[in-house]
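What follows is a single structure, written as structure tokens, with notes after it.
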Amino acid sequence: MTLGITVGKFYPFHLGHDYLIQSAKTQVNHLVVLVGYKPNETISGAIRANWIRQMHPDVEVIEVLDDLPEAPEPWALKALELLEGRQPDFAFTSELYGEPWAKAMGAIPITIDLDRQQFPISGTQLREDLARYWLMLTPPAKAYFAQRICVLGVESSGTTTLAQALAEYYQTVWVPEYGRNYWEGRQYISQSEQWQSHEFLHIAQTQILMEDALALQANQRIICDTDPLATHIWHRRYLGFYNLELETIAQHRNYALYLLTEPDFEFVQDGTRESEHLRLEMHQWFREQLTKLGKFWISVGGSPQKRLADAIAIINTLPNFPILKLEQ
């Protein structure tokens, strides 16, 4: 059994880091990845470690408090301590410190893509301009940084039309409404009007899973056609009351902006819609719940072209990404 080790900040986790890990683990039986972090950095060490675990579930990832001098010897001693008696055979890096660090542990140094020919990127470049180097991020990092925009509203108010148009404009992913498919799947059962709370919880949780899966492919933004807050409101429509668990889920979902579509055109029946008589009342429920839960939202109405233009105008004013502070 051969043991390999590598170390880095992975701040943020980019394709060069991924290439290093992928190359290293093909050369050993077991690979340990140390993720160095400082307490006041914008993104915690735990989040960065989980990015690596998501893409490489077959490696051992250890978070390390970075309170050591920037020198190979202290980091070698720390690495050996964390390995708890295991002796690394190889130490993999893409940095000049790799050779002295490896030798201080009694390991063989292996340098991978030192000149950044495979992936010409660094953590410093990404911290300075995430938008410019977006394509160099790994999928989990893209999902973390992508700005989430939620379009929601009552039946026949243009939510899907706007969501798709925004995704096309920004050349990114959009997340369809799972609840619609679930409703269509159960529409022919006897007493299809009778719902239970667990069904709405399932819809909300599955909607989140769909969103998080598509977020891995995001191009700086994710456009969501509904969210758990809408499911919360549909629970009231069918069961007559709000569900506290759904409200809690909705409250903890973070979107940069909610776009509430106005029901300002004639109701269009597509063969599945059934709440025309509650359309205006439910629209008010959306307004009340968005305000109650402290969401940042605006209404969009008028023609599809006007809605799209108004949405783009406000989205373009939103701050794209957090400032990635690197504690010294």
Side-chain angles (χ1 to χ4, degrees), residues 5-22 24-25 31-70 74-75 77-79 81-84 92-95 97 101 119 121-148 208-209 211-218 220-222 228 248-256 294 296 318-328:
I5 190 169
T6 188
V7 65
K9 291 188 289 286
F10 305 97
Y11 188 39
F13 184 30
H14 57 65
L15 294 180
H17 295 139
D18 184 59
Y19 179 73
L20 168 65
I21 294 171
Q22 186 64 44
K25 72 182 187 181
L31 181 67
V32 175
V33 179
L34 304 182
V35 179
Y37 70 94
K38 294 184 177 180
N40 293 330
E41 290 168 342
T42 308
I43 305 170
S44 71
I47 289 174
R48 282 133 62 183
N50 283 333
W51 289 344
I52 298 170
R53 293 186 185 106
Q54 187 172 348
M55 292 198 69
H56 299 280
D58 53 344
V59 307
E60 180 182 348
V61 184
I62 303 174
E63 300 154 39
V64 187
L65 178 61
D66 183 358
D67 58 355
L68 300 174
E70 294 291 334
W75 277 97
L77 290 173
K78 173 60 76 172
E81 175 189 332
L82 293 167
L83 290 174
E84 298 180 324
F92 301 90
T93 65
S94 297
E95 306 286 350
Y97 64 72
W101 178 59
F119 294 98
I121 192 61
S122 70
T124 300
Q125 289 173 301
L126 278 160
R127 288 192 295 274
E128 290 175 350
D129 195 341
L130 272 172
R132 179 179 179 184
Y133 299 108
W134 180 264
L135 294 178
M136 287 293 179
L137 287 170
T138 55
K142 287 179 180 178
Y144 177 86
F145 288 115
Q147 183 185 78
R148 303 195 182 208
I208 290 170
L209 290 175
E211 181 182 320
D212 290 346
L214 281 166
L216 298 170
Q217 309 299 325
Q220 302 188 36
R221 295 177 177 87
I222 308 164
T248 301
I249 294 172
Q251 194 161 25
H252 287 90
R253 295 298 291 176
N254 295 317
Y255 298 88
F296 177 49
L318 300 174
N320 276 4
F321 309 112
I323 297 173
L324 297 184
K325 181 175 60 176
L326 184 62
E327 184 186 4
Q328 300 299 321

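Keep in mind that the numbers below use all heavy atoms, side chains included, and drop hydrogens, waters and symmetry copies.
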Worksheet item: How close do Ala143 and Arg148 get, heavy atom to heavy atom, and via which atoms?
Response: O-NH2, 3.2 Å
Worksheet, complete the sentence: For Pro228 and Ala250 the tightest heavy-atom approach is C-CB, 4.0 Å
Response to the item:
When rounded to the nearest 0.5 Å, the distance separating OG1 of Thr138 from CG of Leu216 is 9.5 Å
Fill in: Closest non-hydrogen atom pair, Ala218 against Lys142
O-CD, 3.8 Å
Fill in: Euclidean distance, Phe92 CZ relative to Leu31 CG, rounded to 0.5 Å
7.0 Å
Discussion item. Between Trp134 and Phe321, does the ring pair (Phe, Tyr, Trp, His ring centres under 6.0 Å) criterion hold? Intermediate values first, please.
Written reply: CA-CA 11 Å; Trp134 180 264; Phe321 309 112; 5.5 Å; yes
Worksheet item: Charged N to carboxylate O under 4.0 angstrom, Lys78 versus Asp67?
Response: no
Discussion item. In the structure I gave you, are the side-chain heavy atoms of Val32 and Leu83 within less than 4.5 Å of one another anywhere?
Written reply: yes
Worksheet item: Given side chains that start at C-beta, do those of Val33 and Phe10 come closer than 4.5 Å, heavy atoms only?
Response: yes
Practice prompt. Give a yes or no on whether a salt bridge exists between Asp212 and Arg253, defined as a side-chain N under 4.0 angstrom from a carboxylate O.
Written response: yes
Acceptor/donor pairs from residues 43-51 side chains to any protein atom, 3.5 angstrom cut, sequence neighbours excluded:
{"residue": "Ser44", "atom": "OG", "partner": "Ile47", "partner atom": "N", "Å": "3.2"}
{"residue": "Arg48", "atom": "NE", "partner": "Lys9", "partner atom": "O", "Å": "3.1"}
{"residue": "Arg48", "atom": "NH1", "partner": "Glu41", "partner atom": "OE1", "Å": "2.9"}
{"residue": "Arg48", "atom": "NH1", "partner": "Ile43", "partner atom": "O", "Å": "2.6"}
{"residue": "Arg48", "atom": "NH2", "partner": "Lys9", "partner atom": "O", "Å": "3.2"}
{"residue": "Arg48", "atom": "NH2", "partner": "Gly36", "partner atom": "O", "Å": "2.8"}
{"residue": "Arg48", "atom": "NH2", "partner": "Glu41", "partner atom": "OE1", "Å": "3.3"}
{"residue": "Asn50", "atom": "OD1", "partner": "Arg53", "partner atom": "NH1", "Å": "2.8"}
{"residue": "Asn50", "atom": "ND2", "partner": "Ala46", "partner atom": "O", "Å": "3.3"}

Item to complete: Show your reasoning for whether side-chain contact (heavy atoms from CB on, under 4.5 Å) applies to Phe13 and Leu137.
Response: CA-CA 6 Å; Phe13 184 30; Leu137 287 170; over 6 Å; no
Item to complete: May I ask you to decide if the ring planes of His17 and His14 are parallel, tilted or perpendicular, using 30° and 60° as cut-offs?
Response: parallel
Worksheet item: Which distance, rounded to the nearest 0.5 Å, do you find between the CG of Leu130 and the CG of Asn320?
Response: 9.5 Å
Worksheet item: After noting the C-alpha distance and the side-chain angles of Ile52 and Val35, does the key distance pass the side-chain contact (heavy atoms from CB on, under 4.5 Å) rule?
Response: CA-CA 9 Å; Ile52 298 170; Val35 179; 3.7 Å; yes
Worksheet item: Just how far is it from atom CG of Leu15 to atom CG of Leu20, taken to the nearest 0.5 Å?
Response: 12.5 Å
Worksheet entry | Backbone N/O of Pro12 and side chain of Arg127: donor-acceptor pair under 3.5 Å | no
Item to complete: Over all heavy atoms of both residues, which pair between Gly16 and Ile121 is shortest? Give the atoms and the distance, please.
Response: N-CG2, 4.2 Å
Worksheet entry | Heavy-atom closest contact (Val64 atom, Trp75 atom, distance) | CG1-CZ3, 3.8 Å
Worksheet item: Within a radius of less than 6.0 Å around CD of Gln125, do more than 12 heavy atoms belonging to other residues, nucleotides or ligands occur?
Response: yes
Discussion item. Closer than 3.5 angstrom, by distance alone: can the side chain of His252 be matched with the main-chain N or O of Thr248 as a donor-acceptor pair?
Written reply: yes
Item to complete: Rounded to the nearest 0.5 Å, what's the gap from OG on Ser122 to CD on Glu128? Could you check?
Response: 7.5 Å
Fill in: Side chain to side chain, Gln220 and Gln147, heavy atoms closer than 4.5 Å
no
Response to the item:
All heavy atoms of Val7 vs all of Tyr97, minimum pair found to be O-OH, 3.4 Å
Practice prompt. Please examine the side chains of Leu324 and Phe145, heavy atoms only from C-beta on, and report whether any two atoms are closer than 4.5 Å.
Written response: yes
Item to complete: Apply side-chain contact (heavy atoms from CB on, under 4.5 Å) to His56 and Asp18, showing your working.
Response: CA-CA 9 Å; His56 299 280; Asp18 184 59; 2.5 Å; yes
